[in-house]
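For reference, the structure discussed in these notes is given below.
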Amino acid sequence: MARCGAERYSTALYGVTWLGRARERRSPFGSGAELQGAALQLLDQHQNLAELLLEVGDSARPGVQDGAEHQGVSPESFIVSVLQEQASKLGVPTATLAAKNAAANVEQICQDPGSPSRAPLLNSDQRKRLTCLLQTVKDLLANNMFCRSLFCQEMWKMKEPLVLEAVWHLHSSDIVGLAELLDRSPAGPAAVEWLCSSLCGLCEQAGDISCGDTELAQRILSDFAIVFLQNGFEQPSELGRKVEFQKVAYICRAVLQRMLAWMLDAVGKEKQEDVSMVQAVRFWLNVFNVSLYGSVAHPESLRQFFRHTLTEVLTYHPVLKVSDAIQMQKEWSFTRTSPLLTALYRKLLVAFSVKESVCQLQQVLETHEVNWQHVLSCVSTLVVCQAEAGQLFKDLLSHLLLKAFGNYDMENMITAFLIARQAALEGPAVFMPYSEWFKASFGNAGGHHGSSKKSLVFLLEFLSELVPFEAAPYLKVHIMFPPCVASKHRSLLLEYISLAKTRLADLQVAIEDMGLYEDLSAPEEAVQPQAQALRDVEKALQIFESTRKVPTSVIEASIFRRPYYTSWFLPALLRPRVLPKTPDGRMAFIDSLKRADKIPSNLYSTYLQACHAMKEKVLQDDSKAEPSLPKEPLEQLEAELAELRTLVVEQAQWEEVAAQLAVVSDRLRRVLGDSSEDNEHNSRVRVAVPAPGLAGGARAVPAPGLPLCPQRVVDLLLTSFCQTLLAASSFNPPDRQGPCLSLLVKMMCGHRNLLPALLARLCQLLYHQGPSLGAAHILGLAAFVIHLSECRALIPAVEADFGAAQAVPGKALSVSEYWSSLLVCRTEESFVFCLRFCTAAAAYLMCKFSSCSREDFCALVPPGLIKKLQFLVPRLSLEARGVLCEEARGALSWSCLSCPSLNYRRASLCLWRQAGFQELLKEKAFQLSFREWLLLELEVCPEKDILSAAERQDFHYWAIYQRYLPAPSAAGGCDGDLEEACGVILNAILDSSHRLELGAPARSKTSLSPEILCRLQELVLELRCRPKLLPGCSAAQRHLVFELLQGRLAGREPEQGPALGQQLWRQQELLQHRRILLGLPASTLVTTCWKGNRAVLDCDSFFAFVNSELKNVSSRGYALSFDITAHFFRGLLSASLDCEDAAEGVNEALATCQTKCPVVLLSAALWWPRLEPALCSQWKRLSGAPLAGELARLRGWHSSGTRFLCSGAAFPVSDPPWLSAAFLHGAILQHSPRGTEALERLGTGAEQLLVALLFFSLLDLISATIAPKEGVDFQASLERSLQILQCLQGRGTAWPLLFQPAEGAPGRFHVLHRAASQQHTRLLPLAFYSLTPSFQQELLQQEPTFLSVALQMYIQLLQLFVEGQVLPQSDPHPTEHDPLELISAARQFLLGAIPHCPAQSLGNIQPLLSTCEELDPELAATLLHFSRPAVDVELEEELELFRGMD
């Protein structure tokens, strides 16, 4: 109401300024009282109290007071009188009226139309008017006629938000402090929003204002920061005095929190190069200057503020996982971290000692979920900027390790490793290398891991979990400097080392090629072995020259790291050179190694000969350089090509082109010679593709076997073509250049002897040097290959010899297919080049032949070019993935392609959008099918891809789910058929693994693409989401994956080829099948079907695949690998949830397994110690019920075997005996490799168990022979087999039938033969004759079948050798038998045994005599000789009988 009254009385006041002019004329009033009365009368007529405050304030300034003071009336008393008069009339207090009018004035000033909306600073006019107002208000305050609290309330009632500078003026003038203003705010969140918005605006505006305003902005920020600190972080002693300011404390802390979040968000986007935002953040960083607060803030408040801020920074948005930190932490080193973030750390850490900083960091790590990027970049800042931090972090690491091993806490463990690695990234000058820290922590028996086996297992499990995310340098550290473990636990360490080496192999890093002095803690990628070897040589020479002793590292490498020493170090050391007359340090070093027998004599001799040859070459005259054809014909050819170029440029002389081309052809024939007669009958052009090392430079390098002159001629022709094209294009587009270039290429193709060199040079330029080519080279070569394809009728099929990388030997390619195959897209550089090249080629093609008919044009288009663009453009341009609009689009100009500033992505997108190109994509011949897309995508190296992982995933989802899955099959799609899509992906993955094309990455040969495999997983799981079969339906669900895998193997069989090649292909194929099965969810291995009204598990597809294929790639012969075994059991337990009774479902499946697929149970027996914990844990997680009965039986057998060997308990033989034997065999391998002595304690009835044990031991014997790297010891297996055989013979057990073929063996051995792989079954003769030392003489009499079995094994042994199945080893194990020696020993054994065999035994060999006679006539004759007496005796007995009858 009072406000309304004030407005009612606020009318224009026109005479107030008269006071300021009083000194210019004589006043008509006699006294001050008369003057004041006149003024009040004037105010009554024209009242505007708001203007009065401003005008009076202005008049009160020096220079305008003289007149008033002369009259004895001060402006202060005048305004007081006016306010009192008005307040009296309105019936309100004077202070209230003054506060309301002052607030209205502030609002009017801040709403100046010339000021930008919500600007944090005032303009000069606003600032001047506000200064006048504040002076008046200060006078009113001095007279106790101004209400602060009401003024604050009125300020918050303004329609527009407060202007920050105006608030600061009120604060700095001691009229209304910021804290008091905030306390009077009606809503705390609104005040926070206003302050944050204004402060952000102030920071953003600070970089674009004048110097004076910048200083003002700094003063505003400083004063407000002090307020935030004083009120947001009060000390306990101050809280009692500031109860009324609790709202202020909340607002201050909230503002600081919001501004910190704003700053950290801006830091995260700093790489986007928003300069204004960077300047704004730098301006806000001034808040964290310790000097800003000086003595105005309590020291503990300041520390509390900085401590709180540091905690907030370290815990801000903790979205990164530990795995992300492991992979990305090298990007968070001090030099790579945002300068804004490091500046913030440095300002915050000034408030603390180094020890306090580290303790604060430790406390945050222990009590909060952290942002690993911020934490690790803070660690880097500390170790770089604080010299004492290194030792403090070492102490912290020791503390973390102590807690980790004390509680087996993975969090403390990972924290220690991350901090150690991060500190090591900053170099040895500030912190020890990671390799030294790892050795110091775990390299001795006194480490934390050495206290118990549990501690060691904890460490190794932790390291194993890191493996999938580790970079190669850290894995090398763990392998080269492994944790110190007791010998009895060494197998645990070896498991980890094997896993780490597998990871290194996936990363294409060879541990054997690691240098002697390689920095294993370096975050960068490792250098090539050649370069590292050169560094090692230089380092070793430095050490040798300073100590005159061969470095210990070199001696150790010659013994323990011989592959690297002989393959890399010695070749780098023994590089040929002209030896100096006076021996230098290198010669002395080489001589020392030679005297220590560390350099092979032949290698040293070769080195000396090469040095001598180099010396002779230097002394020779340059006249004996490599001969070439006379320069005159080549110079003539160059001149004629230049003349041709002038004709092409001038359209009027095009008719002369044909004649000039004839001249060029003649000159070319003189240079190359006429070989048309030699080539007219050749149906193919054979191209020796140069190796990558021969084409690494920018200059032409002759291909192997290619004469120098043809190479020079090819370079001249290609250069001339490019120059001619560019010259012609500077005048006319390709469609108006005439047929000149087509005729030139056609002329080249007519010289058949030129084609091999020409095509080999194309390989050098497109494949090896493509990314380094300039725009002109790319345009010229792109046009050249288009004309080459145009002349494809003149070019025979191309047979490229890629050497060891040949995909399909002898496969002929068209010229278009040849040059398209050279455009590989694997790395970022190759993607950019291919996009540029294909865009240029397609643009030239569409422009050059635009006038051709549709049919003729399509015949000219190389399909590979269009398909490559279909792969490249949508991959690199998001716009190409959508539906194109129908609006008209401009064509891609050929002239713009030669512009250096051309953006090729935009150019390719422009080409893509052209209607003519889109029409081409509708042609079936040019459509990129799903399979072709997959094969191209599988060639990409993910770690070198131009797309990030997230971008690549988005592209895959678009390509599969939006492009190919719904597309019709006629367009290369899948018609929406998930099964079809799965089949295409699976076949593409497997086909890609067999493709060993030119330069193919090693990844494609050894591993599967994880991202494409993920898409296959998704589709397979989506297939499983189909409606399940209804009860009563006996048919099982189709198992698509096994159908596809079996189909591939069946489809390969009719193909012709070498048997060994087919065998190797099949083995590699099956290994990839296993990898795919392991990549799919475990539950996909098992389906369900209905048996009556019960859902039961159906494993028949898996069992059939194992029996027919998978068991044959197992190196153990009778057991699958651990990974596929564990995968099946995981799937079995998961699928059992679909059954009404999960335990019953598992029991039935395992019972079926005994008869249908015993190898699965044998695998479980072998791997049970590793299998049991996972299965029990999964069963408990899924069911919670007691372990299924069949699983419990398996566990019981394992426990019985262990107790039998370790504690002497009896071993119960249960049915089936072969399964009990398998668990006992596994226990022997695990606990007591030589524990077969305990077999004597087996009771009666254990004969079948012993026979099965013998079978498993013999298969181990074979495994040790054919797969020595699998860890099966040959000698131990042999001794175990002999001991079991002696035990059997002592019991009189008939064991020879074990070696009979599976189809003819009794039922008790049939299961064992079914479980064995085909290769192990074929090699049983090797195992049989390895047992000859235990064959006793009595065996020949006791076992009538022994001789026939022994003869059969001997015949099979000979057949294996004749077929090449058994070949002498180049470096056999000293305890193993050489195959020839084994055959000889077997033959001698038979020759010695035959005379002692009973007649019945000799009678059983008749079916084998014919085969034996073919392979070993002498042995066959011996058999016949000793079998005849028995026949003669029978005849004599018959004759005597007849005589008696007579």
Point to revise | Test side chain to side chain contact (heavy atoms under 4.5 Å, CB included) applied to Leu341 and Leu264, step by step | key: CA-CA 8 Å; Leu341 191 57; Leu264 293 177; 4.1 Å; yes
Check your understanding: Would Met277 and Glu204 count as a side chain to side chain contact (heavy atoms under 4.5 Å, CB included) if you check the C-alpha gap in whole Å, the side-chain angles of each, and the deciding distance to 0.1 Å?
Key -> CA-CA 7 Å; Met277 182 58 70; Glu204 293 169 359; 4.1 Å; yes
Exercise for review: Determine, step by step, whether Val313 and Tyr345 satisfy the side chain to side chain contact (heavy atoms under 4.5 Å, CB included) criterion, reporting the C-alpha distance in whole Å, the side-chain angles of both residues, the deciding distance to 0.1 Å, and the verdict.
Suggested key: CA-CA 9 Å; Val313 172; Tyr345 289 141; 3.7 Å; yes
**Study point:** Worked check of side-chain hydrogen bond (donor to acceptor under 3.5 Å, both in side chains) between Gln362 and His399
**Key:** CA-CA 10 Å; Gln362 179 183 353; His399 172 73; 3.2 Å; yes
Review point. Can you list the steps and then say if Gln108 with Arg129 is a side chain to side chain contact (heavy atoms under 4.5 Å, CB included)?
Key: CA-CA 10 Å; Gln108 179 185 355; Arg129 294 170 61 195; 3.6 Å; yes
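Looking at Gln257 and His308, their side chains do bring a donor and an acceptor atom within 3.5 Å of each other. Checked by atom type, the side-chain pair Tyr250/Asn231 shows no donor-acceptor distance below 3.5 Å. Between the side chains of Asp324 and Trp372, no donor-acceptor pair of N or O atoms lies under 3.5 Å.
Taking each heavy atom of Asp183 and Lys247 in turn, the nearest pair found is O-NZ, 3.4 Å. Minimum interatomic distance between Met145 and Ala98 (heavy atoms only, all atoms of both residues): O-CB, 3.4 Å. Taking each heavy atom of Leu400 and Asn412 in turn, the nearest pair found is CD2-OD1, 3.4 Å. Contact between Ala351 and Phe306 at its shortest, heavy atoms only, is CB-CD2, 3.5 Å. Residues Trp156 and Ala191 approach most closely at CH2-CB, 4.0 Å, considering heavy atoms. Residues Trp332 and Gln422 share a closest heavy-atom pair of O-NE2, 3.0 Å.
Under the rule for a salt bridge (charged side-chain N to carboxylate O under 4.0 Å, His left out), the partners of Arg258 that lie at least two apart in sequence or sit in another chain are Glu193. With sequence neighbours excluded, the residues forming a salt bridge (charged side-chain N to carboxylate O under 4.0 Å, His left out) with Arg127 are Glu165, Asp213, listed by chain and number. Scored by the side-chain contact (heavy atoms from CB on, under 4.5 Å) test, Leu402 finds His448 as partners (sequence neighbours excluded). In this view, His368 satisfies the ring-ring contact (aromatic ring centres under 6.0 Å, His included) rule with no residue, not counting sequence neighbours. Listed by chain and residue number, Val287, Leu292, Tyr293 satisfy the side-chain contact (heavy atoms from CB on, under 4.5 Å) test with Ala225 (two or more places apart in sequence, or in another chain). For the side-chain hydrogen bond (donor to acceptor under 3.5 Å, both in side chains) test, residues two or more places apart in sequence or in another chain that qualify with Arg303 are Glu356. With sequence neighbours excluded, no residue satisfies ring-ring contact (aromatic ring centres under 6.0 Å, His included) with Phe228. Partners of Trp262 by ring-ring contact (aromatic ring centres under 6.0 Å, His included), not counting sequence neighbours: none found. Partners of Lys321 according to the salt bridge (charged side-chain N to carboxylate O under 4.0 Å, His left out) rule, which considers only residues two or more places apart in sequence or in another chain, do not exist here. Qualifying salt bridge (charged side-chain N to carboxylate O under 4.0 Å, His left out) partners for Glu411, counting only residues two or more places apart in sequence or in other chains: none. Take Gln360 and apply the side-chain contact (heavy atoms from CB on, under 4.5 Å) test, not counting sequence neighbours, and it matches Arg307, Leu310, Thr311, Gln363, Val364.
Taking 4.5 Å as the limit, some side-chain heavy atom of Cys110 sits within range of a side-chain heavy atom of Val106. In this structure the side chain of Leu121 never reaches within 4.5 angstrom of the side chain of Leu164, judged on heavy atoms. Annotation: side chain of Glu369 is not in contact with side chain of Thr315 (no heavy-atom distance under 4.5 Å). Trp168 places none of its side-chain heavy atoms less than 4.5 Å from the side chain of Leu178. The side-chain heavy atoms of Trp194 and Ser198, taken from C-beta on, include a pair separated by under 4.5 Å. Within the 4.5 Å cutoff, side-chain heavy atoms of Val255 are placed close to those of Cys196. For the pair Asn289/Val350, no side-chain contact is recorded, criterion being any heavy-atom separation below 4.5 Å from C-beta on. Contact of the Met259 side chain with the Cys200 side chain is registered, since non-hydrogen atoms from C-beta on lie closer than 4.5 Å.
Aromatic pair Phe146/Phe151: centroids less than 6.0 angstrom apart.
Atoms CG and OG, on Leu348 and Ser357 in that order, are 9.5 Å from each other to the nearest 0.5 Å. To the nearest 0.5 Å, atoms CG (Asn371) and CG (Leu376) are separated by 9.0 Å. Remark: Thr309 OG1 to Leu314 CG distance equals 10.5 Å, nearest 0.5 Å. Summarising the geometry, atom OG belonging to Ser333 is positioned 5.5 Å from atom CD belonging to Glu426; distances are rounded to the nearest 0.5 Å. Rounding to the nearest 0.5 Å places CD of Gln329 at 12.0 Å from CG of Leu320. With values rounded to the nearest 0.5 angstrom, Glu107 atom CD is found 9.5 Å from Leu162 atom CG.
Side-chain atoms of Arg253 come within 3.5 Å of backbone N or O of Gly232 as a donor-acceptor pair. Within the 3.5 Å criterion, the main-chain N or O of Leu182 finds a donor-acceptor partner in the side chain of Ser185. Without hydrogens or angle criteria, Ser173 side chain to Leu170 main chain gives no donor-acceptor distance under 3.5 Å. The backbone N or O of Asp409 sits nowhere less than 3.5 Å from a side-chain atom of Asn407 that would complete a donor-acceptor pair. With Ser338 contributing its side chain and Leu340 its backbone, the two residues share a donor-acceptor pair below 3.5 Å. Gln205 places no side-chain N or O within 3.5 Å of a backbone atom of Thr214 that could act as its donor or acceptor partner. At least one donor-acceptor pair under 3.5 Å links the side chain of Glu951 to the backbone N or O of Ser948.
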Donor-acceptor contacts, no H, no angles, side chain residues 382-395, under 3.5 Å, sequence neighbours left out:
{"unit_1": "Gln391", "atom_1": "NE2", "unit_2": "Asp395", "atom_2": "OD1", "d": "3.1"}

